[in-house]
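Keep in mind that this is a model prediction, so the values were computed, not measured.
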Amino acid sequence: MVMNERCPMCRQPTQLEVGFYYGTSYVSYLIGVVLSIATLIAWWAIIGFSFTDNRFFYWLFLNSFLLIALQPWLMRFSRSLWISWFVRYDPDWKNSEPEKAERMNQSQMNNW
């Protein structure tokens, strides 16, 4: 899925510079770790862990499935969170033009 060059609502450019969204992998990883710790604590409080059966492995498979199923949402949420740290909210966004992306090099876009 290709990301829009501009937000359809406010016209804010989504590519601020080449490789801008590399940092979202760290944000997504942190959210995944927090989610895994939350499910581990919930599993431990509700079901518990034991060395005599495979309850830990059941949690491990359930948590892996949950993280894989939530990956599209995690990716989009981490991108939204990442750009919100670098682009200020403009309360008058309907009437004003967004800031131009200064450090874009069109020849290097999608140059993997």
Would a hydrophobic clustering, with Ile, Leu, Val, Met, Phe, Trp and Tyr connected at side-chain separations under 4.5 Å, put Leu40 with Ile68? no
Do you reckon Val27 sits in the same ILVMFWY cluster as Val33, going by side-chain contacts under 4.5 Å, direct or chained? no
Connected via hydrophobic side-chain network under 4.5 Å: Leu62 and Ile37: no
In this structure, CE of Met75 is separated from OG of Ser25 (nearest 0.5 Å) by 12.5 Å
Any chance you could measure Leu74, atom CG, to Ile31, atom CD1, to the nearest 0.5 Å? 6.0 Å
Using the ring of each side chain (for Trp, its six-membered ring), is Phe77 parallel, tilted or perpendicular to Trp73, with breaks at 30° and 60°? parallel
When you measure from the side chain of Arg55 to the backbone N and O of Ile47, does any donor-acceptor pair fall under 3.5 Å? yes
Which residues pass the side-chain contact (heavy atoms from CB on, under 4.5 Å) test with Leu35, sequence neighbours left out? Leu66, Leu67, Leu70
Hey, could you give me the CZ/CZ distance between Phe56 and Phe49, rounded to the nearest 0.5 Å? 6.5 Å
So if you build clusters from Ile, Leu, Val, Met, Phe, Trp, Tyr with side-chain heavy-atom gaps below 4.5 Å, do Ile41 and Phe57 land together? no
d(Ser28 OG, Gln71 CD) to nearest 0.5 Å is 5.0 Å
Tyr29 reachable from Leu81 in the ILVMFWY side-chain graph, under 4.5 Å edges: no
Crowded around Tyr26 OH? As in, over 12 foreign heavy atoms under 6.0 Å? no
